[in-house]
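Everything on this sheet refers to the single structure shown next.
The sequence lines fix the lettering, A, B, ..., with proteins before strands; numbering per chain opens at 1. No hydrogens, no waters, no symmetry mates; every other heavy atom, side chains included, goes into these values. Values in this document were obtained by computation on a predicted structure and should not be read as measured data.
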2 protein chains.
Amino acid sequence: MEALKKSKIKIPFEESLTKKKVFDEDCILHRSFSLIADKWTLLIIMSLLQGTKRNSEIQRQVQGITPKMLAQTLKTLLKYGMVERKVFPEVPPRVEYTLTEFGRSLSEPLSLLFDWSLDWEDKLNKIYSKKKRRKL
Amino acid sequence: MEALKKSKIKIPFEESLTKKKVFDEDCILHRSFSLIADKWTLLIIMSLLQGTKRNSEIQRQVQGITPKMLAQTLKTLLKYGMVERKVFPEVPPRVEYTLTEFGRSLSEPLSLLFDWSLDWEDKLNKIYSKKKRRKL
DNA sequence: TACAATACTTACTTTTGGGTAGTAATTCAC
DNA sequence: GTGAATTACTACCCAAAAGTAAGTATTGTA
């Protein structure tokens with residue numbers, strides 16, 4: 001009920017998806033999900049959608065991420081052409097990361113995921129506290 | 001360029017995201033991504049967006065997934081109220097999985113990810129073949 | 001009696017993810 | 001001149017996740 005406000009928007013998605021018989025290794029969904037379906041990856045892209053950022057800025061913003069995971073994820077994103085890396089020969093070192101067009105193109109899908117998260121905030125929080133309780 | 005066709009749609013996302021200073025553990029993005037930012041999870045939800053399916057049907061469609069991962073992922077989705085499980089007392093056994101409203105609510109975000117994948121199909125395929133070559 | 005079908009389990013191995021600590025190259029405080 | 005601070009990483013190691021392969025239960029059929 002809380003998530004039905006946007007149901008007016010009609011998209012040909014249901015139709016095109018219905019035709020899809022298999023999601024195999026050669027399937028484009030398989031490939032895109034292998035690339036971006038990862039918590040840190042998505043959070044970093046989210047962060048960079050706000051604009052160019054330094055390593056330390058991302059580190060501060062995406063809380064819980066370790067320097068290693070940040071470096072690792074950025075390296076992957078760099079390799080796949082989602083971010084650009086600019087090094088300034090200063091001391092202490094300064095490195096800036098910027099989304100490429102490819103990276104920025106995730107803005108829309110991610111915006112809907114953002115909205116979805118807000119729509120289901122209560123539910124997600126309940127799930128989270130359940131998870132947390134289990135761990136204690 | 002290939003992905004700019006939808007840039008007319010204006011959303012308040014950029015605005016609301018800009019205000020976001022940190023993505024901490026209590027952040028709703030952190031929580032939703034922890035839950036759904038996973039390749040098998042997304043592929044299974046995609047599959048079930050086509051309609052109610054049996055275990056074996058999902059197994060056949062989502063190629064590459066093992067019975068173990070399928071059972072595990074479905075169990076998690078069940079626990080978090082994204083799918084419903086219906087058992088028919090037959091031999092051989094029959095179990096049907098259906099998305100709940102919560103699960104179906106991912107239809108829109110996922111549709112955009114689907115579109116995004118198609119928009120960047122060439123790029124994603126190139127990335128994938130690079131990955132594959134590295135493994136051989 | 002053996003087999004087929006379905007939906008899982010379970011035990012084991014490999015791969016990946018993630019944390020801790022450390023490095024290099026300055027600048028600044030004392 | 002010694003030591004701390006800053007920044008962006010790397011090397012090492014362990015634990016967790018994912019893959020592999022085999023097994024379980026049920027019962028009608030050949």
Side-chain angles (χ1 to χ4, degrees), chain A residues 23-25 30-31 33-45 47-48 52-80 83-98 131-132 134-136, chain B residues 23-25 30 33-44 47-48 52-80 83-98 127-128 131-132 134-136:
Chain A
F23 306 140
D24 63 356
E25 283 249 327
H30 229 272
R31 292 180 179 186
F33 288 168
S34 293
L35 193 61
I36 59 158
D38 170 84
K39 179 180 149 187
W40 295 131
T41 301
L42 292 179
L43 285 175
I44 289 173
I45 292 174
S47 170
L48 288 176
T52 296
K53 291 235 171 77
R54 298 183 61 173
N55 189 312
S56 53
E57 287 178 292
I58 306 172
Q59 171 88 50
R60 261 190 301 277
Q61 186 176 37
V62 181
Q63 291 188 9
I65 196 169
T66 56
K68 190 205 146 189
M69 285 315 295
L70 178 58
Q72 208 173 83
T73 310
L74 282 172
K75 211 183 211 173
T76 307
L77 288 175
L78 195 70
K79 188 165 66 188
Y80 297 151
V83 300
E84 270 164 358
R85 185 174 182 266
K86 196 171 174 188
V87 185
F88 297 83
E90 299 172 4
V91 171
R94 186 153 70 100
V95 181
E96 283 184 356
Y97 292 94
T98 312
K131 259 174 138 178
K132 215 173 177 179
R134 224 180 35 254
K135 282 194 177 178
L136 299 178
Chain B
F23 306 141
D24 64 356
E25 284 249 326
H30 231 271
F33 288 169
S34 294
L35 192 63
I36 59 158
D38 170 83
K39 180 179 144 186
W40 295 131
T41 302
L42 290 180
L43 286 175
I44 288 173
S47 170
L48 288 177
T52 297
K53 291 234 170 79
R54 299 182 62 171
N55 188 308
S56 54
E57 287 177 293
I58 307 173
Q59 172 88 51
R60 260 191 301 278
Q61 186 176 37
V62 181
Q63 292 189 8
I65 197 169
T66 56
K68 185 196 149 192
M69 286 314 295
L70 179 59
Q72 205 173 87
T73 311
L74 282 172
K75 213 183 211 170
T76 307
L77 289 174
L78 194 70
K79 188 165 65 189
Y80 297 151
V83 299
E84 272 165 357
R85 184 173 183 268
K86 196 171 175 191
V87 185
F88 296 83
E90 301 173 2
V91 171
R94 187 154 69 102
V95 181
E96 284 185 354
Y97 292 95
T98 311
I127 289 172
Y128 187 80
K131 260 173 136 177
K132 214 172 174 180
R134 223 176 40 252
K135 284 196 175 175
L136 299 179

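No hydrogens or angles considered: nothing links the side chains of A/Tyr97 and A/Glu57 as a donor-acceptor pair under 3.5 Å.
For the pair A/Lys39 NZ and C/dG17 P, the interatomic distance rounds to 13 Å; values are reported in whole Å. Note: CZ (A/Phe33) to P (D/dA18) measures 16 Å, nearest angstrom. As a whole-Å value, the separation of B/Ile44 CD1 from D/dA18 P is 11 Å. Computed from coordinates, the A/Glu96 CD to D/dT7 P distance equals 13 Å when rounded to whole Å. In this structure, A/Arg94 atom CZ and D/dC9 atom P are separated by 13 Å, rounded to whole Å. The distance between atom CG of B/Leu70 and atom P of C/dT6, rounded to the nearest whole Å, is 14 Å. Protein atom CD of A/Glu90 is 11 Å distant from nucleotide atom P of D/dT7, rounded to whole Å. Nucleotide C/dT10 holds its C1' atom 12 Å from the CD atom of B/Gln72, rounded to whole Å.
Mapped onto DNA chain C by nearest heavy atom, A/Pro67 and B/Lys75 fall at different nucleotides, with B/Lys75 at the one closer to the 5' end.
At least one donor-acceptor pair under 3.5 Å links the side chain of A/Thr76 to the backbone N or O of A/Gln72. Formation of a donor-acceptor pair under 3.5 Å by the B/Gln61 side chain with backbone atoms of A/Phe23 is not found in this model.
For A/Arg54, taking side-chain heavy atoms from C-beta onward, the closest of the listed nucleotides C/dG19, D/dT7, C/dT6 is D/dT7. You'll find that the side chain of B/Arg85 is closest to C/dC8, out of C/dC8, D/dT6, D/dC9. Considering only the side chain of B/Pro93, C/dT6 comes nearest among D/dC9, C/dT6, C/dC8. When the nucleotides D/dT6, D/dA18, D/dA8 are ranked by their closest atom to the side chain of A/Pro92, D/dT6 comes out on top. Considering only the side chain of B/Lys68, C/dT10 comes nearest among D/dC9, C/dT10, D/dT6.
Among the heavy atoms of the strands, none lies under 4.0 Å from B/Phe88. Across all strands, B/Asp38 comes closer than 4.0 Å only to sugar-phosphate atoms, never to a base (heavy-atom distances). Among the atoms of the strands shown, base atoms are found under 4.0 Å from some heavy atom of A/Met69.
Note on A/Thr66: a side-chain N or O is less than 4.0 Å away from OP1 or OP2 of C/dG19. Phosphate proximity of C/dT16 to A/Trp40: absent, as no side-chain N or O sits under 4.0 Å from OP1 or OP2. A sub-4.0 Å separation between OP1 or OP2 of C/dT6 and a side-chain N or O of B/Ser56 is absent.
Here the closest heavy-atom approach between residue B/Thr73 and residue B/Trp40 is recorded as OG1-CB, 4.2 Å. Counting all heavy atoms, side chain and backbone alike, B/Glu96 lies closest to B/Thr52 at OE1-CG2, 3.6 Å.
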